[in-house]
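Okay, so here's the structure we're looking at.
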Amino acid sequence: MTKKLNILVVAGDGIGPEVTAEAVRILESVAEMGYHEFHFRHELIGGVAIDAHGSPLPQATLDAALKSDAVLLGAVGHNKFNALPPSERPEAGLLQIRAALGGFANLRPSFAWPGLAVNSPLRPEIVEGADILFVRELLGGLYFGEPRHWDKTTGSAWNTMRYTRDEVVRVAKVAFELAQKRRKKVTSVDKANVLEVSQLWRATVTEVAKDYPGVTLEHQYVDAMAMHIMNSPRSYDVVLTENLFGDILSDEAGVITGSLGMLPSATIGGKVDLYEPVHGSAPDIAGKGIANPIGAILTAAMLLRHSGGLEQDAEAIEAAVKKVLDQGYRTADLARGDKSASVLSTQEMGRRVHEALNEILSRRQAMHAV
Ligand code: NAD
């Protein structure tokens, strides 16, 4: 079935444009081979938008985002803006677009790629086979709750962790629905032994689980979970968390993959879904052509899966990445001094994945033709 998708590309700063170009090339290839119509519009965000328009999220970018089917973002951030107040810096553009699009479920896969286990600080026999999908609630909890204040006269400060039942229900449904398509297990993380918010969270998730009898639900306290993820990452499938706990645990689980440059993410459930690699603009390597584009390429796969309903194409991209890694190709962040690795530039890695993808898609077409 052919698919039409209007994709807004906001490549941003630093390595953002370098890695996003490779992700777009991959999407173009999927469109061409599958006779899909993907229309790409490019707009500015972050530091490049401040330079051109004086705002990290110009109105034209926001309007285009709201009219699109999906937004593919690279990264924002540049050292030259470090002296500006937070609300005027490139990163403000990111927070503003996330808020405007309104996604409440942040999806972060943590996958142990065969061959990269040596890159993880964990022992290979611990990480091999790990495949976790974090579903983190993104619009509630401690980061948004009121009241919040720092009273400098009394030397006290407070934030509020607050959730409503409806906020928990909608993100829990996302987790259970995704688990149905995976290994059918949801681990819900809370601190119900101490926090009332977590007691609401646990009771609500337990209630939602009744609508998904094929999915096993388990509850874990966040402190125990921080240990379990490191001790036995293979035990987890979908991990459902509130905002703060998910922020911390998904970064912790990122070490399973072995490089920040390998991690994709998606934020879904709002007006328009937003797709971005986890890494930032990496000013230390920007412009050198050595950034790892795989996080951005896997982000494109998530876009096809969640906004395009193109599961097979998403899997083909993931299979292409696996093939290239199996062949021993690495970017500098993955090689880590391994003399036997073939170290590629950003573009060369993009081209290798592109070639592997075309091979996989051609084979698929040939099979359908038989
Ligand atoms: P970073 O993710 O940019 O970089 C951290 C380290 O990882 C650096 O050594 C970098 O070279 C390396 N790295 C990151 N992505 C890589 C890739 N694809 N390939 C190879 N190596 C990679 O984080 P940082 O240095 O803390 O922040 C730099 C800037 O990015 C800051 O302005 C920060 O605010 C911003 N930032 C933006 C986002 C985003 O756009 N989503 C996320 C995090 C940080």
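Both ligands and their constituent atoms are indexed starting at 1 by order of listing.
Within the listing of ligand 1, atoms 32 (O) sit less than 4.0 angstrom from a heavy atom of G77. The distance from ligand 1 to the heavy atoms of E276 drops below 4.0 Å at these ligand atoms: 41 (N). Against a heavy-atom cut-off of under 4.0 Å, A75 is close to the following atoms of ligand 1: 40 (O). Which parts of ligand 1 touch D333 is read off a 4.0 Å heavy-atom cut-off, strictly below it: atoms 20 (C).
Checked by atom type and distance alone, the side chain of S120 never pairs as donor or acceptor with a backbone atom of G258 at under 3.5 Å. Remark: the backbone N or O of Q312 is paired with a side-chain donor or acceptor of R364 at under 3.5 angstrom. At least one donor-acceptor pair under 3.5 Å links the side chain of R330 to the backbone N or O of L325. Side chain of D13 to main chain of G47: a donor-acceptor pair is present (N/O by atom type, distance under 3.5 Å, no hydrogens or angles). Put simply, the side chain of T187 never gets that close to the backbone of V239: no donor and acceptor are under 3.5 Å apart.
For atom 39 (C) of ligand 1, the nearest protein heavy atom (residue, atom name, distance) is L94 CD2, 3.6 Å. In terms of protein heavy-atom proximity, atom 29 (C) of ligand 1 is nearest to S281 OG, 3.2 Å. For atom 18 (N) of ligand 1, the closest heavy atom belonging to the protein is N292 O, 3.0 Å. The nearest heavy-atom contact from the protein to atom 34 (O) of ligand 1 is E91 OE2, 2.5 Å. Ranking the protein heavy atoms by distance from atom 28 (C) of ligand 1 puts P283 CD, 3.5 Å first. Summary of contacts: the protein heavy atom closest to atom 16 (C) of ligand 1 is I15 CD1, 3.8 Å. Closest protein heavy atom to atom 21 (N) of ligand 1: I285 CD1, 3.5 Å.
Nearest to atom 1 (P) of ligand 1 by heavy atom, out of G16, S259, G280, is G280. Evaluated by nearest non-hydrogen atom to atom 7 (O) of ligand 1, the leading choice among V19, L260, I45, N82 is L260.
For CD of Q347, the number of neighbouring non-hydrogen atoms (other residues, nucleotides, ligands) closer than 6.0 Å is 12 at most. More than 12 heavy atoms of other residues, nucleotides or ligands lie within 6.0 Å of CZ in R170, so this atom counts as buried by the packing criterion.
P264 places a side-chain heavy atom less than 4.5 Å from the side chain of P109.
Atom CD of E128 sits about 11.0 Å away from atom CG of L116, to the nearest 0.5 Å. The line from CD1 of I290 to CD of E18 is 9.0 Å long, rounded to the nearest 0.5 Å.
Salt bridge E311/K181: absent, no basic N to carboxylate O contact under 4.0 Å.
In terms of polar-atom proximity, defined here as any N/O pair under 3.5 Å, A291 makes no such contact with ligand 1. Between D284 and ligand 1, at least one pair of N/O atoms sits closer than 3.5 Å. Looking at A282 next to ligand 1, an N or O pair under 3.5 Å apart turns up.
At a heavy-atom distance under 4.0 Å, no atom of L73 approaches ligand 1. No part of A332 comes within 4.0 Å of ligand 1, judged by heavy-atom distances. Residue contacts with ligand 1 for V76 involve both N, CA, C or O and side-chain atoms from C-beta outward (heavy atoms, distance under 4.0 Å). The proximity of H279 to ligand 1, defined as any non-hydrogen pair under 4.0 Å, involves the side chain as well as the backbone.
Atom 26 (O) of ligand 1 is not flagged as protein-proximal [any protein heavy atom, distance under 4.0 Å]. By the definition of a contact as any protein heavy atom under 4.0 Å away, atom 9 (O) of ligand 1 is in contact. Not a single protein heavy atom sits closer than 4.0 Å to atom 12 (C) of ligand 1.
Sorted by first and then second residue, the ring-ring contact (aromatic ring centres under 6.0 Å, His included) pairs with a member in residues 182-227 read Y163-W201, F176-Y212; sequence neighbours excluded.
Y329 is linked by a ring-ring contact (aromatic ring centres under 6.0 Å, His included) to nothing, counting only residues two or more places apart in sequence or in another chain.
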